[in-house]
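In what follows, a structure is listed as structure tokens, so that the remarks can point back to it.
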2 protein chains.
Amino acid sequence: MVRLVDVAKRCGVSVATVSKALSDKKDIGEETKEKIRKVCEEMGYFPNSSARTLKIKRSYNLGVLFVAEDDSGLTHDYFSHVLESFRMEAEASGYDITFIYSGQSPDGESLNAPVALRSMSYLERAEYRGVDGVLVACANYYQPEVMELISSNLPVVTIDHSFDHCSSVVSDNVRGMSDLIEFIYDRGHRKIAFIYGNNTSVTQNRIASYYRSLEERGIDPPDQYVRSAVYRNPKPSYDITLELLDLKNSPTCIIYPDDYACIGGLNAIKERGYRIPEDISVAGYDGVYISQILEPRLTTLRQNTEEIGRKAARKLISQVENPKTAIIEKIIVPGRLLEGGSVGILRS
Amino acid sequence: MVRLVDVAKRCGVSVATVSKALSDKKDIGEETKEKIRKVCEEMGYFPNSSARTLKIKRSYNLGVLFVAEDDSGLTHDYFSHVLESFRMEAEASGYDITFIYSGQSPDGESLNAPVALRSMSYLERAEYRGVDGVLVACANYYQPEVMELISSNLPVVTIDHSFDHCSSVVSDNVRGMSDLIEFIYDRGHRKIAFIYGNNTSVTQNRIASYYRSLEERGIDPPDQYVRSAVYRNPKPSYDITLELLDLKNSPTCIIYPDDYACIGGLNAIKERGYRIPEDISVAGYDGVYISQILEPRLTTLRQNTEEIGRKAARKLISQVENPKTAIIEKIIVPGRLLEGGSVGILRS
DNA sequence: CAGTGTAACGAAAACGTTTAAGATATGTCA
DNA sequence: TGACATATCTTAAACGTTTTCGTTACACTG
């Protein structure tokens with residue numbers, strides 16, 4: 001590793017001069033700067049981020065806290081897309097990304113681990129690594145550890161959940177659901193069931209929007225039409241779909257918690273020998289890749305994960321760089337309806 | 001942030017003593033150690049990783065280089081599972097994870113970025129952040145930048161590609177393909193087509209194993225049965241499937257590059273009005289989640305992503321911690337055949 | 001009692017930066 | 001010409017650790 005002192009020697013100046021030249025301070029002569037830059041290039045100099053972080057207390061490193069409900073972690077379709085986009089935007093601004101997790105090893109037995117690495121909380125971990133800010137994407141925002149992090153004075157941006165003391169980027173679930181209902185209603189459906197996922201604010205918004213959108217159209221769905229299932233899990237949706245199909249007054253369209261759960265429904269429907277969309281219509285949510293390569297393509301609401309990730313990165317970075325002036329706000333990102341072919345036109 | 005000097009004052013000892021007590025050196029008295037540990041706990045002391053890294057030149061941080069062919073990055077199903085498992089294992093050993101990427105921002109215009117952040121190569125980035133080792137999972141291992149990293153003296157473990165000067169963890173594609181062929185053959189199929197993906201060593205191994213497994217059974221597949229498509233892309237597989245179905249001597253079973261591509265095939269088959277597995281059989285590869293919730297479940301070869309990620313982490317960490325004695329090796333991880341229901345029994 | 005060994009701790013340098021404060025030379029102005 | 005401002009560079013302290021090398025006190029040995 002070539003250090004400041006190496007290029008200083010080569011240039012015949014002090015390390016301070018080199019340091020200041022590189023950060024373009026105005027008390028260094030222009031031709032000196034030029035020469036230093038040239039030599040740095042030649043020697044392949046790069047600053048040592050640890051030394052730099054230690055001194056200026058800015059690491060240009062962002063933490064990412066990712067705890068999905070089912071431990072799916074990175075493999076979660078929605079979150080991984082958000083993260084990828086977040087990563088790219090952060091990258092473009094010169095930030096690196098480090099995962100944050102509590103260091104509670106199974107046995108506390110990390111033999112070679114750094115000194116005193118008893119389990120840390122998320123916040124402690126973030127401080128230990130000196131990250132400048134943290135992106136929190138997490139199913140259960142009310143864990144004490146998560147709350148501690150969010151309530152700290154570290155810049156934090158949350159995804160799909162809002163607190164009043166930190167910024168958030170949320171997918172517009174209210175609008176998403178109403179778009180879906182509108183589309184389905186316009187195709188003649190009146191008996192629309194909704195199977196929803198785990199209890200989160202996302203789910204609550206979708207349920208509220210479902211009821212409101214129907215109400216606006218003079219529809220009061222029976223209780224049996226609104227059922228609880230599990231995100232990304234086809235089995236509960238499969239079971240409930242069978243029950244819905246067996247109702248005396250069965251729905252003509254079923255909305256699922258997400259595209260994966262929807263596939264459980266598809267299987268139930270096929271099993272009963274019904275065709276989609278001729279005999280019954282279905283709609284998913286998320287618009288994951290798979291939903292658009294199935295036949296028929298799913299009618300679903302694609303959440304704009306790129307935009308969510310990008311805006312989250314921008315917001316977080318702006319908070320890091322302008323701690324005084326950055327505004328705490330809730331950024332709502334609309335999705336887009338993918339028509340697919342799983343919702344049929346109903347005439348009767 | 002509470003520092004060493006803070007707990008030193010509180011304990012009435014020097015910082016050196018505290019530092020040594022925490023790393024359990026033998027030249028500190030037992031009761032002193034006990035007291036220091038207690039005070040650290042009370043005050044919530046954690047070391048500053050930057051200072052520590054700067055001094056000891058070990059960051060307890062691992063880099064991850066992820067470049068998929070199609071820029072899917074983290075959203076790549078196979079890699080994201082490997083990474084998740086890698087992360088968990090690293091976490092259990094007290095290591096954090098940071099993404100490595102070249103810092104070439106679109107315009108080189110990261111105004112607030114650290115000093116002199118012109119674009120760095122992967123290696124430079126890794127050195128800049130001081131990571132102890134790097135996991136490389138990447139489609140194109142022959143990019144100069146990737147080669148530079150792999151050829152450096154930084155500990156590196158590669159996934160699904162082997163070089164003789166660094167360790168690798170690879171999925172057993174030879175065995176995987178032969179297991180698949182064996183299963184299909186045993187169910188009576190003799191006309192087995194193989195649509196393969198992009199040209200990588202993984203693909204080459206599968207192709208070779210396909211030919212060899214058939215040869216062992218006295219089968220010499222016609223050239224039209226072995227076709228080139230694209231990983232994770234249903235369209236080419238769709239097109240080729242139609243062509244295969246239209247052959248005079250059409251196959252009774254088609255093996256696809258992966259489960260996603262297989263879905264393209266499924267659509268083609270449905271379009272022709274054939275049933276699976278009654279009229280034609282199909283097999284995927286990977287065993288992704290979606291493949292097991294479709295109806296019929298895909299017959300596919302599940303790659304053991306957890307094991308691959310875990311072994312990669314163990315290997316990398318062992319190389320980091322025992323630079324002298326760690327063995328450079330190629331670790332081969334077998335997959336497991338998932339029977340599914342997409343390969344039927346052929347009698348004639 | 002002089003010498004030696006050992007246990008327990010501290011002083012200080014070092015890691016590679018940044019930056020406040022100081023130093024030097026040069027130009028400007030009254 | 002002396003005072004002062006300005007431009008350019010250097011010195012040195014600081015960031016929070018780790019670790020080498022002392023130092024001190026004490027016990028033991030012959």
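Values below: every heavy atom of this structure, side chains too, minus hydrogens, waters and symmetry copies. The sequence lines fix the lettering, A, B, ..., with proteins before strands; numbering per chain opens at 1.
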Which of these passes salt bridge (charged side-chain N to carboxylate O under 4.0 Å, His left out) with B:D6: B:R10, B:R3, B:K9? B:R3

To the nearest Å, give me how far apart CG (B:L54) and P (D:dA14) are. 17 Å

Protein-nucleotides 20-27 of chain C N/O pairs closer than 3.5 Å?
none

When you measure from the side-chain N and O atoms of [X] to the phosphate of [N], is any distance below 4.0 Å, counting only OP1 and OP2?
X	N	value
A:K25	C:dT19	yes
B:R52	D:dT18	yes
B:T17	C:dG10	yes
B:Y128	C:dG16	no
B:K57	C:dG16	yes

With sequence neighbours excluded, tell me which residues meet salt bridge (charged side-chain N to carboxylate O under 4.0 Å, His left out) with [X].
X	value
B:E127	none
B:E31	none
B:D132	B:R58

Terminal helix-axis angle for the helix from C:dC1-D:dG30 to C:dA30-D:dT1, with five pairs defining each axis and rounding to 10 degrees: 70°

Show me, pair by pair, the donor-acceptor contacts under 3.5 angstrom made by side chains of residues 146-156 of chain B, not counting sequence neighbours?
| unit_1 | atom_1 | unit_2 | atom_2 | d |
| --- | --- | --- | --- | --- |
| B:E148 | OE1 | B:S121 | OG | 3.0 |
| B:S151 | OG | B:M147 | O | 2.7 |
| B:S152 | OG | B:L149 | O | 2.7 |
| B:S152 | OG | B:L154 | N | 3.2 |

